[in-house]
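Accompanying notes for the structure given below.
Chain identifiers are assigned alphabetically (A, B, ...) following the order of the sequence lines, protein sequences preceding nucleic acid strands; residue numbering begins at 1 within each chain.
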2 protein chains.
Amino acid sequence: MYRILIVDDEEKIRALIKKYTDFEGYESKIATNGMNALEILKIETFDIIIMDIMMPELDGFSTVKEIKKIIDIPIIMLSARGEEYDKIHGFELGIDDYVVKPFAPKELMMRIEAVMNRYNKYKKEKREIWQKDTLLIDVTARTVTINEKKIQMSPKEYDLLFYFLKNKNIALTREQLITEVWGYDYIGDDRTLDTHVKLLRKSLENYSDLIVTLRGVGYRFEG
Amino acid sequence: MYRILIVDDEEKIRALIKKYTDFEGYESKIATNGMNALEILKIETFDIIIMDIMMPELDGFSTVKEIKKIIDIPIIMLSARGEEYDKIHGFELGIDDYVVKPFAPKELMMRIEAVMNRYNKYKKEKREIWQKDTLLIDVTARTVTINEKKIQMSPKEYDLLFYFLKNKNIALTREQLITEVWGYDYIGDDRTLDTHVKLLRKSLENYSDLIVTLRGVGYRFEG
DNA sequence: ATAAATATTCACCAATTCATCACATTTTGA
DNA sequence: TCAAAATGTGATGAATTGGTGAATATTTAT
């Protein structure tokens with residue numbers, strides 16, 4: 001099940017794609033233009049984007065350019081026959097595939113599958129990395145660097161950090177953190193979690209306030 | 001254990017499905033036609049609906065259309081071979097799956113499981129966000145922003161606000177609010193609730209009058 | 001086996017939060 | 001219109017909560 005962001009200004013096309021992606025069991029969300037898409041991408045995550053080239057406000061090409069600055073995500077473009085053929089084939093943008101309108105929905109579905117298969121294979125070989133300014137967290141290598149400088153952490157700190165990262169921008173209760181990071185059967189002092197958060201924050205130096213305390217609840221990692 | 005609503009006009013089919021769903025440990029209820037189903041849905045809640053397409057009074061497609069206006073619930077359709085094949089595949093309706101008659105009960109059970117798994121995952125991954133103009137309430141992240149500016153609140157304010165939001169446009173009595181937000185056993189001063197509503201309103205700035213006082217009753221959050 | 005690293009517990013502190021109170025204001029209905 | 005009832009408000013002290021450093025226990029590495 002993939003999460004799909006559909007970006008098109010034409011209601012008819014949007015509805016058509018949504019119908020079919022819903023049927024295939026994908027979860028999809030709609031953006032009505034490039035700007036809108038960028039806003040949505042700031043909050044939610046998706047596995048693939050299907051985007052029209054011709055759009056008001058911010059056209060498909062420009063939107064792709066902006067998106068690729070922020071995240072690495074496969075994109076399938078919808079183009080009218082002959083529309084900027086060169087640009088699509090030029091690949092300056094990192095488009096993964098394109099479909100010429102009018103298209104058979106079935107064909108689009110097949111292309112989604114194909115692109116995702118390709119991308120997943122590529123991802124497996126790729127490292128899971130998250131970056132914010134000079135802070136770089138490499139989950140695959142289990143390393144954290146700030147300003148090119150490797151930060152040494154204890155196992156629990158890594159576990160905690162990676163769990164935070166996996167659930168960024170989500171309010172996590174103390175219980176949830178304890179059961180997920182320590183194990184469902186852990187029974188411990190109230191201050192254990194605090195203490196590890198303290199250590200993790202210390203390790204994160206200037207980035208310590210990425211971990212926000214939610215009084216009476218737990219913590220939230222802001223990404 | 002899921003609660004299933006079976007909608008079919010044929011006694012034989014109803015009995016067959018019920019037998020199997022009972023066997024699987026699901027709780028099921030029967031509706032004999034579309035109208036009947038809508039009436040039942042007004043009173044009781046279910047996790048999934050299994051519905052025949054061909055029915056007197058109100059056919060399957062029309063019934064689905066009505067249901068989807070009211071609630072978001074997964075639906076599996078039963079169709080005779082070749083019956084309105086296009087419509088099912090067109091998916092204007094948001095059907096989650098379909099089974100062609102005659103079917104093996106085992107297959108239907110498997111499809112129920114599959115649909116429910118998909119639906120639960122979708123529900124879990126969804127962020128709970130509510131927006132009105134520049135006010136954005138992210139229940140998942142436990143944040144409130146007005147005009148892009150993060151609003152800092154106390155735990156009780158968040159709890160109260162989220163409870164209001166979950167029950168927006170519903171008159172909530174003081175007792176209800178106290179027992180739900182403070183706990184069923186809370187015994188406190190008359191002014192406690194007022195005071196927190198006051199603080200919450202203050203935090204909501206221009207949006208303070210989303211919380212409407214219902215004299216002699218309690219409050220209502222208008223969304 | 002021993003030292004070092006890590007994890008947990010503990011005691012205490014500072015900050016926040018909350019319930020309560022006294023009083024102000026508003027609404028209702030006689 | 002006026003008094004009673006209901007709700008709003010600001011202040012305050014007590015209670016809760018999370019942060020912190022140090023002590024202690026446990027695990028890991030040498």
Length of the line joining [X]:[atom1] and [N]:[atom2], which is rounded to integer Å:
| X | N | atom1 | atom2 | result |
| --- | --- | --- | --- | --- |
| Leu200(A) | dG19(D) | CG | P | 12 Å |
| Leu199(A) | dT9(C) | CG | P | 14 Å |
| Asp190(A) | dT20(D) | CG | C1' | 15 Å |
| Asp189(A) | dA7(C) | CG | C1' | 12 Å |
| Asp209(A) | dG19(D) | CG | C1' | 15 Å |
| Asp159(B) | dC18(C) | CG | C1' | 13 Å |
| Glu157(B) | dT16(C) | CD | P | 14 Å |
| Arg174(A) | dT17(D) | CZ | C1' | 8 Å |

Counting only distance, no hydrogens or angles, is the base of dT17(D) paired donor-acceptor with the side chain of Arg215(A) under 3.5 Å?
-> yes

Closest of dT6(C), dT20(C), dC10(C) to the Ser154(A) side chain is dT6(C)

Of the listed dG21(D), dT20(C), dC18(C), the closest approach to the Thr195(A) side chain comes from dG21(D)

Take Lys156(B) and Val181(B), measure what side-chain contact (heavy atoms from CB on, under 4.5 Å) needs, and give me the verdict at the end.
-> CA-CA 8 Å; Lys156(B) 267 271 140 50; Val181(B) 178; 4.3 Å; yes

So, is [X] near the phosphate of [N], with a side-chain N or O under 4.0 Å from OP1 or OP2?
| X | N | answer |
| --- | --- | --- |
| Trp182(A) | dT8(C) | yes |
| Thr213(A) | dG19(D) | yes |
| Tyr219(A) | dG19(D) | yes |
| Arg191(A) | dG21(D) | no |
| Arg201(A) | dG19(D) | yes |

Given the side-chain rings of Phe221(B) and Trp130(B), with only the six-membered ring counted for Trp, is the space between their centroids under 6.0 Å?
-> yes

Looking across every strand, which nucleic acid part, if any, lies under 4.0 Å from [X] by heavy atom: base, sugar-phosphate, or nothing?
| X | value |
| --- | --- |
| Thr192(A) | base |
| Leu193(A) | nothing |
| Lys156(A) | sugar-phosphate |

Could you check whether atom [atom1] of [X] has more than 12 heavy atoms from other residues, nucleotides or ligands sitting under 6.0 Å from it?
| X | atom1 | value |
| --- | --- | --- |
| Met109(B) | CE | yes |
| Tyr186(A) | OH | yes |
| Glu148(B) | CD | no |
| Met110(B) | CE | no |
| Tyr163(B) | OH | yes |

Please list, pair by pair, any protein nitrogen or oxygen found under 3.5 Å from a nitrogen or oxygen in nucleotides 23-29 of chain D.
none

So do the side chains of Ile70(B) and Leu41(B) get within less than 4.5 Å of each other, counting heavy atoms only?
-> no

